[in-house]
Amino acid sequence: MEEEDEENMEQDPNHNHWPELPNPPAASSGYGAGTKRCDSGPSKALLGLSGSSTSKFLMNVITVEDYRNTYWPKLESAIDQLLTQSPGDYIPISYEQIYSCVYKCVCQQHSEQMYSDLIHKITSHLESVSQELQASSPAHYIERFNLALAQYMGALHSIVPLFIYMNKFYIETKLNRDLRDDLIQLFTDHVAEKHIYNLMPLLLEAQSTPFQITPSTMASIVKGLYTLRPEWVQLAPTLFSKFIPNILPPAVESELQDYAAQDQKLQRELAQNGFTRGDQSRKRAGDELTYNGSSSCGGGSQGYR
């Protein structure tokens, strides 16, 4: 075992030979004097180490300089790629390596700095996203907001699991929060909140203009805004109610005539846009509206009213 450890340490110029574990290890105690305690560190029995092998394991300290010059740059590069990837893109990063880097840094008590660096990195990215949206024309504003939201939420599906050790042994334990909640709040604060009052009038206009945007785009944005801040429902209750169940109170008999009038208005709008004039391309667009409307928002073929 000692010869194997020495060989591994020689292969690692930083002498940071740590085992990779599939699940967050249980906290343990009994670390020798002069070593850096890892509150989330694995026990000797869990690692299968004993005697001098354990001593070597405990002495592999990651200094602040090691973290700043070696470990954080690897994490930062991976975060950059995840934040900017498009759906379906292949990202040439080693998830196992990044997962291992996070684990080592947590065990060496760099969690606080790593969390601060992560928040700063993502905040800087979101501020750039917000500036790009601000420069968008009204014609492209909705689609670009939808892309920014979808891209960010997709990135979180990878970023949060990669930082699971930091979340479990620092954010949840010491901050009493959750990493995913914190990162969603960043998008709310630095992007959505800055654009909500420009976005909502465009969404309301789009819902009254058939075929201006696809139903799937409308559903994605409305559901996303509700996830970010449920109270935004009050800005457009009727719009949100088309995609979020139980937003409005149950319908009463006196309102049925209003609903019928809205349906008739939609039919007139469809006719004015050529839906019934034998235009095959328009018919296909109408078919797409009906299909997506029924599958995405449970609204049947009513479309946007």
Q | From CA spacing to verdict: side-chain contact (heavy atoms from CB on, under 4.5 Å), I142, E205 | A | CA-CA 11 Å; I142 293 177; E205 179 184 354; over 6 Å; no
Q: Kindly check if the number of other-residue, nucleotide or ligand heavy atoms within 6.0 Å of CG (N246) is above 12?
A: no
Q) Do the ring planes of F145 and F187 sit parallel (below 30°), tilted (30 to 60°) or perpendicular (above 60°)? A) perpendicular
Please tell me if the side chains of [X] and [Y] come closer than 4.5 Å, counting only heavy atoms from C-beta onward.
| X | Y | value |
| --- | --- | --- |
| I62 | T70 | no |
| Y95 | S158 | yes |
| L118 | L179 | yes |
| D178 | N167 | yes |
| D66 | Q108 | no |
| I213 | N146 | no |
| D182 | L186 | no |
| M218 | K242 | no |

Q.
side-chain contact (heavy atoms from CB on, under 4.5 Å), that's the test. Do M200 and L239 meet it? Break it down for me.
A. CA-CA 10 Å; M200 288 309 303; L239 175 60; 4.0 Å; yes
For [X], give me all partners under side chain to side chain donor-acceptor pair (under 3.5 Å), at least two apart in sequence or on another chain.
| X | result |
| --- | --- |
| S136 | R144 |
| N198 | none |
| H195 | S130, Y141 |
| E112 | none |

Q.
Just checking Y115 against F163, ring centres under 6.0 Å apart?
A. no
Q: Sorted by first residue and then second, give each side chain to side chain donor-acceptor pair (under 3.5 Å) pair with at least one member in residues 226-235; sequence neighbours left out.
A: E193-R229
Q.
Any side-chain to backbone donor/acceptor pair from Q151 onto T84? Under 3.5 Å, distance only.
A. yes
Q. Roughly how far, to the nearest 0.5 Å, is CG of L183 from CD1 of I119?
A. 5.0 Å
Q. Between atom CD1 of I93 and atom CD1 of I79, what is the distance when rounded to the nearest 0.5 Å?
A. 9.5 Å
(Q) Run the side-chain contact (heavy atoms from CB on, under 4.5 Å) test on Q185 and D181 for me, step by step, so that the C-alpha distance in whole Å, both residues' side-chain angles and the decisive distance to 0.1 Å come before the verdict. (A) CA-CA 6 Å; Q185 188 62 44; D181 292 343; over 6 Å; no
Q: Scan residues 117-126 for pairs that pass salt bridge (charged side-chain N to carboxylate O under 4.0 Å, His left out), counting only residues two or more places apart or in two chains.
A: R68-D117, E76-K121, D80-K121
Q: Before giving the answer on side-chain contact (heavy atoms from CB on, under 4.5 Å), spell out for I244 and K223 the whole-Å C-alpha distance, their side-chain angles and the decisive distance to 0.1 Å.
A: CA-CA 7 Å; I244 309 297; K223 291 178 180 179; 3.9 Å; yes
